[in-house]
Amino acid sequence: MIYARQIAPEIQESPLMDLDEWSEDIAAKGNGDYKDHCPEVFSRVFDALENGELYEALEDLRTHNGGYYTEWYKNPTEAINDLLRSEKPCYSTKDIHKIKLLVAEYAEYSGVQERVLCETLSLVTGKTWKHKMIRGYCQGDWQDIYYVAESWSKDALDAFEVEYFNEGSEWIIHDGDNIPKNPEEVNGYRVYCHELLEKDIAAEIAAVACGNPKEVVLWAFDGYTKNPVYRQIA
């Protein structure tokens with residue numbers, strides 16, 4: 001048999017809390033109530049689009065008005081290679097043309113930022129980036145995530161969403177030689193579960209413990225008890 005005890009929800013920890021470094025193939029940014037988590041390449045591309053310097057340089061070179069950037073760059077390719085360095089060996093002519101259009105679109109139109117950012121990231125890295133909004137239980141619990149499509153399946157993104165808002169459950173799986181008679185006797189290692197239904201949680205725990213879901217005994221957290229305390233008065 002496999003015995004597991006649930007940790008009280010208010011003290012459970014999501015696996016994302018233990019990460020020393022954020023993954024290089026996913027970024028979380030958009031909701032000011034949450035901390036941004038962005039890999040270096042994402043921040044670099046976002047800043048290049050957001051701060052307007054690359055747009056100004058390309059506009060300066062396009063209009064040939066003899067401005068500041070024409071003194072530094074001979075053509076748009078030089079400006080893009082300097083201000084938006086490629087992660088690939090080099091940009092193709094087609095890449096340069098597309099980046100010019102994307103930079104202008106980002107600066108001149110509203111409502112296109114997420115799509116343009118993903119397309120630009122794809123050109124810079126050579127990987128396909130996509131955007132998705134994830135949500136928690138409360139109205140203010142949302143976040144924009146940008147991820148490498150080749151690295152993240154739908155199931156992986158669903159699990160990430162649960163972990164990001166810490167809406168799963170954490171359990172201790174018993175690994176001692178004794179058979180626990182109550183939840184207090186369960187001691188072992190922790191596992192984070194993403195499912196909500198108890199039968200699905202049992203299946204997750206069984207998979208971790210290399211057992212059968214039918215052999216899982218769960219002690220689910222069900223609240224606290226309050227005991228009265230009396231003071232004797234002579």
Side-chain angles (χ1 to χ4, degrees), residues 1-29 31 33-39 132-234:
M1 300 296 291
I2 302 169
Y3 300 89
R5 167 173 59 90
Q6 185 182 3
I7 295 172
E10 65 266 27
I11 60 172
Q12 72 180 30
E13 294 186 357
S14 162
L16 292 181
M17 296 179 181
D18 296 329
L19 292 180
D20 294 328
E21 297 182 4
W22 198 256
S23 173
E24 290 297 311
D25 53 16
I26 193 167
K29 184 180 180 66
N31 187 341
D33 292 334
Y34 285 84
K35 182 180 178 181
D36 292 345
H37 293 280
C38 304
K132 174 183 174 68
M133 180 179 286
I134 57 175
R135 295 186 180 276
Y137 292 143
C138 300
Q139 184 175 4
D141 292 344
W142 63 270
Q143 185 60 284
D144 288 312
I145 60 168
Y146 301 83
Y147 61 95
V148 176
E150 296 90 341
S151 303
W152 290 86
S153 65
K154 181 182 182 305
D155 288 344
L157 289 173
D158 288 344
F160 179 89
E161 184 174 38
V162 171
E163 293 178 10
Y164 188 84
F165 297 108
N166 197 15
E167 293 178 344
S169 56
E170 193 174 14
W171 299 75
I172 296 177
I173 299 178
H174 186 67
D175 65 355
D177 295 329
N178 64 307
I179 298 176
K181 297 181 177 61
N182 55 63
E184 286 74 22
E185 293 183 0
V186 173
N187 293 289
Y189 55 95
R190 296 189 177 198
V191 60
Y192 192 87
C193 293
H194 304 82
E195 301 293 343
L196 296 177
L197 299 179
E198 291 178 359
K199 66 179 183 65
D200 296 327
I201 292 172
E204 280 193 88
I205 289 175
V208 173
C210 300
N212 189 323
K214 295 181 179 179
E215 298 176 341
V216 175
V217 177
L218 297 177
W219 274 294
F221 181 81
D222 203 27
Y224 295 97
T225 59
K226 182 187 294 185
N227 296 318
V229 177
Y230 297 93
R231 175 174 54 87
Q232 179 177 347
I233 300 176

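The figures that follow rest on heavy atoms only: side chains count, while hydrogens, waters and symmetry mates do not.
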Item to check | Within 6.0 Å of CD in Gln139, more than 12 heavy atoms from elsewhere | outcome: no
Checklist entry - Which atom names give the shortest non-hydrogen contact between Asp144 and Tyr146, and what distance separates them? => result CB-CE1, 4.1 Å
Item to check | Point-to-point distance, once rounded to the nearest 0.5 Å, from NE2 of His37 to CG of Leu16 | outcome: 8.0 Å
Checklist entry - Would you say Asn166 and Met17 make side-chain contact, with heavy atoms under 4.5 Å? => result yes
Item to check | Gln143 to Lys35 - nearest heavy-atom pair and separation | outcome: NE2-O, 4.4 Å
Checklist entry - For the atom pair CZ (Phe221) and CH2 (Trp171), what is the distance rounded to the nearest 0.5 Å? => result 11.5 Å
Checklist outcome for this item: Taking every heavy atom of Tyr192 against every heavy atom of Glu204, the minimum-distance pair comes out as O-OE1, 4.3 Å
Checklist outcome for this item: Correct closest heavy-atom pair for Ala27 and Pro39 would be CB-CD, 3.7 Å
Checklist entry - Which pair of non-hydrogen atoms, one from Gly168 and one from Val162, has the smallest distance, and what is that distance? => result N-CG1, 3.4 Å
Item to check | Heavy-atom pair of closest approach, residues Ala206 and Pro213 | outcome: CB-N, 3.5 Å
Item to check | Nearest-0.5 Å distance that lies between atom CG in Asp200 and atom NE2 in His194 | outcome: 13.0 Å
Checklist entry - Is there a donor in the side chain of Ser153 and an acceptor in the side chain of Asp155, or the other way round, less than 3.5 Å apart? => result no
Checklist entry - Are the side chain of Gln12 and the backbone N or O of Ile7 linked by a donor-acceptor pair below 3.5 Å? => result no
Item to check | Contacts of Asp158 that satisfy salt bridge (Lys or Arg N to Asp or Glu O under 4.0 Å) - sequence neighbours left out | outcome: Lys154
Item to check | Leu197 CG: over 12 foreign heavy atoms closer than 6.0 Å | outcome: yes
Checklist entry - Between Phe160 and Tyr147, does a side-chain contact (heavy atoms from CB on, under 4.5 Å) hold up when you go through it step by step? => result CA-CA 11 Å; Phe160 179 89; Tyr147 61 95; over 6 Å; no
Next on the checklist: Within a 6.0 Å radius of atom CD on Gln232, are there more than 12 heavy atoms belonging to other residues, nucleotides or ligands?
Outcome noted: no
If you look only at distance, which donor and acceptor atoms sit under 3.5 Å apart when one is on a side chain in residues 180-190 and the other is two or more places apart or in another chain?
| unit_1 | atom_1 | unit_2 | atom_2 | d |
| --- | --- | --- | --- | --- |
| Asn182 | OD1 | Glu184 | N | 3.1 |
| Asn182 | OD1 | Glu185 | N | 3.2 |
| Glu185 | OE1 | Lys181 | N | 2.9 |
| Asn187 | ND2 | Glu185 | O | 3.4 |

Checklist entry - What distance separates Glu198 CD from Cys193 SG, expressed to the nearest 0.5 Å? => result 11.5 Å
Checklist entry - Does Glu170 reach the main-chain N or O of Ser14 with its side chain, forming a donor-acceptor pair under 3.5 Å? => result no
Item to check | Within the 6.0 Å centroid threshold, strictly below: Tyr34 and Tyr164 | outcome: yes
Checklist entry - In Å and rounded to the nearest 0.5 Å, what is the CG to CG distance from Asn31 to Asp36? => result 9.5 Å
Checklist entry - Should the heavy atoms of other residues, nucleotides or ligands under 6.0 Å from OH of Tyr224 be counted, would the total exceed 12? => result yes
Item to check | Any side-chain heavy-atom pair of Ile134 and Lys132 under 4.5 Å | outcome: yes
Checklist entry - From Leu218 CG over to Arg5 CZ, what is the distance, rounded to the nearest 0.5 angstrom? => result 12.5 Å
